[in-house]
Structure formats: C-alpha cells, structure tokens
K.L.:
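Sharing a structure, written as structure tokens. Questions coming.
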Amino acid sequence: MKKRWILQTKQGDFRAIGEKYGISPVAARCIVNRGVSTNEELEEYMNGTYDQLHSPWLFKDMEKAIDIIEARKGCTVAIASDFDCDGIFSAFILKKGFAVCGIKSRIYTPDRIAEGYGLNRRIVDEALADGAAFLITCDNGIAAKDEVRYAVDRGLSVIVTDHHEVQDGTPDADAVIDQKQEDCSYPFKGLCGAGVAFQLISALYERLGIPECRREELLAYAAIATVADVMELKGENRILVKEGLKRLKTTDNVGLKALIEVQKIDGRQIRAYDIGFIIGPCFNAAGRIDTVKKAFELLEETEYAKAVELAAALKEINDERKQMTEEAAKRAFHLIESGECALQQVQIVYLPDCHESLAGIVAGRVRERYHHPVIVFTPIGGGLIKGSGRSIEAYHMFERLMECGDLMIRFGGHRMAAGMTLKESDLPELERRLNEKSGLSPQDFIPLLNIDVPLPIGNISEKLIEDLEILEPFGNGNPKPVFAEQHFRLLHARKCGKNKNVLSLKVANRAGTVMKAVCFRDIDELERLICDEWGEGELRKLYAGKENRIDLGLAYYPSVDEYGGIRSLQIIITDFCRVKYPERQS
C-alpha cells in the first residue's frame with residue numbers, strides 16, 4: 001500500500017543527549033522523535049527500572065481493596081478472568097500473588113462461544129457454590145454492572161480490577177481499580193489488565209511485608225500481557241516490558257520454559273517481537289478456538305516433560321488458528337475487492353462462516369491492507385451478531401461507537417479496538433450511522449511512514465546498531481526506528497526462503513556504497529512498481545544481475561548479517577518508493 005513518508009522534525013540537542021548517555025546523535029534523535037524530551041523522561045527511557053513505577057496506592061480504591069483482601073485472608077478468592085492473553089496473565093499474577101500471601105484462590109473464565117466476554121452469572125453462582133468469600137475481576141468488570149450487582153446481592157464482596165474505558169459510570173462493587181476512572185489519581189493511564197493486577201499484588205505485598213524479590217517474579221507475566229495486548233510501550237509499560245524480558249529469559253516457570261523451547265526461541269535473547277508474534281498468540285489461541293484451561297495448565301505445570309506436551313499442544317492450536325485466520329481473511333478481502341461489500345470509510349464486514357473468536361484478528365488484517373477502521377461481525381445465534389473492531393489513528397472507535405450505544409446489547413473497548421454484541425437486524429443502521437458521522441477525510445486513509453533520519457547507508461556502523469538496540473523493546477508507541485535514502489541502484493536480486501517470500505538484494509547509493517538489503521514483505525508490490533515505472537525488461541535484468549535503469553528510494557532499518565562466522569552490515573527494507581523526498585512534519 002502506498003504510504004506518505006513523513007520526516008520527523010522534533011527538536012532537541014541530540015549531540016548533548018548522545019554525549020550524556022554514550023550514544024550517537026542519530027540514536028538520540030530517534031529517542032526524541034518518540035516524544036521523549038525532558039530530562040526526567042530521558043532518564044526514565046534510558047535507565048528506568050521497575051522500582052520507579054508509581055505507588056500502587058495512588059489508584060482509587062486500592063486501600064479499600066487491600067483492606068477487603070486482608071480481612072478475608074483465610075477465605076477463598078474467586079478470580080473472574082477473561083480468555084485472552086491479558087486476562088490469562090492478569091489472573092495468573094493474582095493467583096500467584098495470593099498464594100505467596102497464603103490466600104487460596106480459584107480462576108473462573110467465561111466460555112467464549114456460549115457466554116462471551118467478561119463476568120457472568122454462571123461464574124458468580126459457581127464461585128458461591130465453591131465457598132468463595134469474595135470475587136475479584138481482572139481485565140474485565142468495568143462494564144459488568146448487572147453482573148456485579150448480582151454478585152453483591154448474593155453476599156459476595158466484589159473488587160473490580162480493569163483497564164478498559166469507563167462507560168456510563170462504574171459498577172456498584174466494594175472497590176473499583178481502573179486508572180481510566182476520572183477521579184483516579186494514578187498518573188499512568190496505559191496499563192493493561194495484568195499491569196493493574198501487578199500493582200494490586202504490589203500493594204498487597206507491601207501491606208503484608210512480603211519481600212521485594214517476590215514482586216520481581218511477576219514482571220515476566222506483566223510483560224507478556226502488555227505486549228500481547230498491544231499496549232503502548234511508553235512510560236511504565238516500557239519499564240514493565242524491558243524488565244520483564246530480562247526475567248523471562250531466566251524464568252523459573254516450567255510452562256513458559258517449555259513453550260520457549262517448543263517454539264525454538266531458547267538460547268537467544270527474547271525480544272518483544274517474540275512475545276507479540278510467537279508466545280502471546282499461543283495463549284490467545286487457547287482461549288479463541290479451544291479452552292483457556294490449557295493455557296492455565298501450562299503456566300501451572302511443574303513437571304518439564306508434561307509441560308513440553310502442553311506447550312506443543314498450544315503451538316498446534318495456534319497453528320490451526322493461523323490457518324483458519326488466513327482463510328477468513330481471504331474471504332473478507334474477496335468480499336471487498338469483488339464489490340459485494342464495497343469499501344467504506346468505516347468498513348463493516350459480515351462473515352457468517354468465520355469462527356467468532358477470529359473476528360478481531362481478521363479485522364486487523366483488513367485494516368492493515370486498506371487502512372480503514374474495520375469491524376468484522378459473525379453470528380452467535382438467536383438473531384444476534386458479535387463484532388470486533390480495529391481502528392486507525394485518525395478514528396477514535398470507542399467514542400464513535402458510544403454514540404451508537406442504543407443499538408448495543410454489550411459493548412466495550414478503547415480508541416483503537418472495540419468489541420460489541422447487537423441484533424443482526426440493527427447492523428444496517430449501525431453501518432449507516434458510523435459512516436455518516438465518521439469525520440474522516442481521504443488523507444486519513446493513507447498510512448504514514450515516519451522517517452526518523454535521512455541517513456546515507458555509508459553512515460551505518462555496528463556501533464550505531466548497538467546504540468539503536470538501547471531503544472528496545474520496540475512495539476506500539478515505541479516503534480523500531482526508520483531511516484531513508486533516495487537514489488538506490490538495485491544491482492541484483494533473488495528470491496529465497498522456503499516459500500520464496502524473501503527478497504535478497506545488492507544495492508548501491510549514489511556515493512558508491514554497496515550493501516546487502518533484505519525485503520520480507522510486499523515483494524509483488526515492489527515488482528509491480530518496477531514494471532510500471534521502468535518496464536518488465538528492467539525487472540528481468542535485475543534478477544539476472546545485469547545493469548538496469550531502476551532508481552528507488554528505500555526506507556530501512558540497519559542490522560548485522562552473520563554467516564559462517566563473518567559479520568557484515570545490511571539493511572532491512574521497510575518501504576520503497578519512486579524517488580521523492582519525504583514531507584516534513586508540520
């Protein structure tokens with residue numbers, strides 16, 4: 001897809017920052033481009049550790065919640081969780097934390113197909129039947145007013161811990177811990193459900209005098225949930241993930257060790273990418289197309305051989321999920337491109353044969369291809385449909401959907417994603433309202449590519465690459481830096497990889513610097529661009545290693561290629577274009 005290249009122009013004393021922290025001015029500029037500018041922000045970004053997290057006592061109702069837990073220390077706790085990765089690890093943090101404090105607990109999750117998201121009456125009834133004295137939600141509950149009232153009316157004390165947006169007031173629980181409440185003084189609003197659970201256990205440990213080292217044990221779980229829930233890696237989230245990744249490599253959790261081995265990412269540094277695309281999806285897949293119990297079984301397993309079996313089963317479930325997603329995404333693309341479901345400002349896609357748990361992933365795939373806000377709906381019986389939406393930066397999905405609240409049976413979400421249930425008969429009206437009041441312009445549908453520095457490849461060095469690694473973990477809110485240079489000659493190209501889906505090139509800039517370049521995606525689009533601009537003959541010359549007329553601008557990230565003990569510099573191509581100059585950020 002065509003992108004607008006925007007050159008970042010944030011101002012700062014890059015040389016002074018570089019000298020202070022021992023990094024190059026280029027790396028310093030990348031940091032400033034991520035909105036880090038004050039001395040305090042720079043220090044947190046470069047040297048922040050988990051003991052710099054805000055006090056958990058700043059959460060509204062934290063004191064109340066800890067009082068309730070402490071007063072019922074000898075009782076059984078019902079943990080009402082969710083079935084996605086954030087819900088799984090939120091619940092696991094609470095259960096492990098309670099166990100350290102000598103508190104018995106049991107996790108309850110909804111059936112995704114039969115019951116849908118969040119707390120429900122069946123969970124409340126089972127908790128009561130099992131003798132629970134109080135119930136605590138995690139990664140859900142802020143919108144469960146009726147269900148919380150049902151629990152309270154039956155004598156359960158209820159603590160809600162959540163991170164989702166508050167809709168029309170909070171539930172009538174004994175304590176509500178959610179930083180999105182208007183009168184909550186907790187400064188950082190971006191924690192996921194597991195981050196909130198981590199802070200609740202931190203407060204409980206502090207109250208009961210539990211050693212600080214026990215709190216550190218929970219960091220890896222908070223890190224996995226934060227990345228898997230695609231939270232912005234800024235402020236406290238970046239600290240949680242950075243510190244959690246350190247501990248994940250040496251985790252004593254047998255199940256996580258087994259999954260890391262089964263996925264063949266042991267023996268190397270584990271990065272946020274590994275969580276987002278390898279570890280996290282395995283836990284998500286269990287709750288999507290099988291049973292979330294398998295995820296908890298893996299996390300609680302202590303025998304390594306059994307853990308390896310469970311990890312292999314989760315991998316198999318995720319592989320099946322990937323195949324199902326691919327098929328559903330192809331159906332969605334066909335509907336749009338065949339004209340059966342014309343592309344609109346806010347794209348609504350109805351997939352009657354799609355597994356409802358995959359709707360959000362498919363919505364993300366459609367959003368990625370067309371750069372429009374997308375909601376994918378699937379039927380759930382009884383004349384009802386369930387939708388999962390993914391948005392773009394220019395469109396606040398939660399606010400727009402709130403304006404259609406009268407059509408919703410259930411609804412929740414935030415700026416970039418939302419989930420909802422409504423009558424199938426109301427779908428045309430929802431589609432009409434969302435598109436009439438989208439507030440979007442044609443420019444909003446062109447994705448932006450933010451260029452950090454226009455950097456000639458001759459300036460790349462191993463030292464620069466080491467400096468850029470300090471910016472990790474990369475992800476939402478802290479993207480991997482992007483550099484660009486115009487006027488590349490493409491000297492040779494060949495397709496490689498098992499499916500011939502990787503393009504290995506030799507490129508040269510105008511200064512005569514020759515370097516290897518690798519392109520992992522959009523190879524067909526690159527070939528079309530070359531054919532449209534210079535003709536098929538020039539493309540054939542490129543693959544034959546012959547001189548050609550191709551002249552491209554490349555956006556890239558530098559890396560080191562190591563093969564046969566020999567290290568060499570290379571660039572990973574992020575995007576390409578017919579030679580032009582990036583717009584400057586206004």
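Starting from 1, each residue takes its place in the sequence as its number. A quick note: this is a predicted structure, and the numbers were derived from the prediction, not measured.
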K.L.:
With a 4.5 Å limit on heavy-atom distance, are the side chains of L248 and I279 in contact?
P.N.:
yes
K.L.:
Quick one: CD on E216 to OG on S202, what's the gap to the nearest 0.5 Å?
P.N.:
11.0 Å
K.L.:
So, for F398 and F411, is the gap between ring centers shorter than 6.0 Å?
P.N.:
yes
K.L.:
Among K257, E261, E309, which residue satisfies the side chain to side chain donor-acceptor pair (under 3.5 Å) criterion with Y304?
P.N.:
E261
K.L.:
With a 4.5 Å heavy-atom cut-off, do S105 and L94 have their side chains touching?
P.N.:
no
K.L.:
Can you tell me if D139 uses its side chain to pair, donor with acceptor, with the backbone of S81 under 3.5 Å?
P.N.:
no
K.L.:
Between Q52 (side chain) and T49 (backbone), is there a donor-acceptor pair under 3.5 Å?
P.N.:
yes
K.L.:
Ignoring hydrogens and angles, tell me if any N or O in the side chain of N237 forms a donor-acceptor pair with the backbone of K234 under 3.5 Å.
P.N.:
no
K.L.:
Verify, without hydrogens or angle tests, whether N476 (side chain) and V230 (backbone) share a donor-acceptor contact under 3.5 angstrom.
P.N.:
yes
K.L.:
Can you check whether P110 reaches Y117 side chain to side chain, under 4.5 Å on heavy atoms?
P.N.:
no
K.L.:
Does E243 pair with K246 as a salt bridge, N-O distance under 4.0 Å?
P.N.:
yes
K.L.:
Would you say K293 has more than 12 foreign heavy atoms packed within less than 6.0 Å of its NZ?
P.N.:
no
K.L.:
I'd like to know whether CZ of R521 has more than 12 heavy-atom contacts from other residues, nucleotides or ligands below 6.0 angstrom.
P.N.:
no
K.L.:
Can you confirm whether the side chains of D125 and Y150 place a donor and an acceptor under 3.5 Å from each other?
P.N.:
yes
K.L.:
Side chain of D61, backbone of V176: donor and acceptor closer than 3.5 Å?
P.N.:
yes
K.L.:
Whether the side chain of D86 engages the backbone of A194 through a donor-acceptor N/O pair (distance < 3.5 Å, no angle test) should be reported.
P.N.:
yes
K.L.:
Between R331 and D353, is there a side-chain N and carboxylate O pair less than 4.0 Å apart?
P.N.:
no
K.L.:
Side chains of Q263 and D274: closer than 4.5 Å at any heavy-atom pair?
P.N.:
no
K.L.:
Do R238 and Y45 meet the cation-pi criteria used here (NZ or CZ under 6.0 Å from the six-membered ring centre, within 45° of the axis)?
P.N.:
yes
K.L.:
Scan R390, E393, M397 and name whichever one has a side chain to side chain contact (heavy atoms under 4.5 Å, CB included) with M416.
P.N.:
E393
K.L.:
Show the numbers, then the answer: is there a salt bridge (Lys or Arg N to Asp or Glu O under 4.0 Å) between E217 and R247?
P.N.:
CA-CA 8 Å; E217 295 171 357; R247 290 156 179 84; over 6 Å; no
K.L.:
Under a 4.0 Å threshold between the charged nitrogen and the carboxylate oxygen, would E63 count as salt-bridged to R207?
P.N.:
yes
K.L.:
Does atom CD of E212 have more than 12 heavy-atom neighbours, drawn from other residues, nucleotides or ligands, at distances under 6.0 Å?
P.N.:
yes
K.L.:
Going by the side chain to side chain contact (heavy atoms under 4.5 Å, CB included) test, name the single residue among L208, L204, I201 that passes it with I69.
P.N.:
L204
K.L.:
Looking only at the aromatic ring of each residue, does the gap between the centers of Y350 and F377 stay below 6.0 angstrom?
P.N.:
no
K.L.:
Please work out which of the three classes, parallel, tilted or perpendicular, describes the rings of Y186 and H54, given edges at 30° and 60°.
P.N.:
perpendicular
K.L.:
I need the D162 CG to L191 CG distance, nearest 0.5 Å.
P.N.:
12.0 Å
K.L.:
Counting only heavy atoms not in E469 (residues, nucleotides, ligands), do more than 12 fall under 6.0 Å from its CD?
P.N.:
yes
K.L.:
Nearest 0.5 Å please: distance from the CG atom of L240 over to the CG atom of L53.
P.N.:
5.0 Å
K.L.:
May I ask you to decide if I392's main-chain N or O and R367's side chain share a donor-acceptor pair within less than 3.5 Å?
P.N.:
no
K.L.:
Less than 4.5 Å apart, any side-chain heavy atom of F92 and any of F283?
P.N.:
no
K.L.:
Heavy-atom count check: over 12 atoms from other residues, nucleotides or ligands less than 6.0 Å from K180 NZ?
P.N.:
yes
K.L.:
Strictly distance-based, threshold 3.5 Å: is any side-chain N or O of N253 a donor or acceptor partner for the main-chain N or O of L299?
P.N.:
yes
K.L.:
Run the salt-bridge test on K386 and E356 with the 4.0 Å N-O cut-off and return the result as yes or no.
P.N.:
yes
K.L.:
Tell me whether K104 contacts the main-chain N or O of T76 through its side chain, where contact means a donor paired with an acceptor under 3.5 Å.
P.N.:
no
K.L.:
Any heavy-atom pair between the side chains of L245 and E472 that's under 4.5 Å?
P.N.:
no
K.L.:
Angle between ring planes, H414 versus H164, binned at 30° and 60°: parallel, tilted or perpendicular?
P.N.:
parallel
K.L.:
I'd like to know if the side chain of N284 reaches the main chain of C282, judged simply by a donor and an acceptor atom lying under 3.5 Å from each other, with no hydrogens or angles considered.
P.N.:
no
K.L.:
Does a donor on one side chain and an acceptor on the other come within less than 3.5 Å for S157 and R72?
P.N.:
yes
K.L.:
Step by step, would you call D111 with R122 a salt bridge (Lys or Arg N to Asp or Glu O under 4.0 Å)?
P.N.:
CA-CA 10 Å; D111 182 293; R122 190 266 307 165; over 6 Å; no
K.L.:
Once rounded to the nearest 0.5 Å, what's the spacing between atom CG of L200 and atom OG1 of T161?
P.N.:
6.5 Å
K.L.:
Once you round to the nearest 0.5 Å, how far does CD of E424 lie from OG1 of T378?
P.N.:
10.5 Å
K.L.:
Do we get R369 above F333's six-membered ring, with its NZ or CZ under 6.0 Å from the centre and within 45° of the axis?
P.N.:
yes
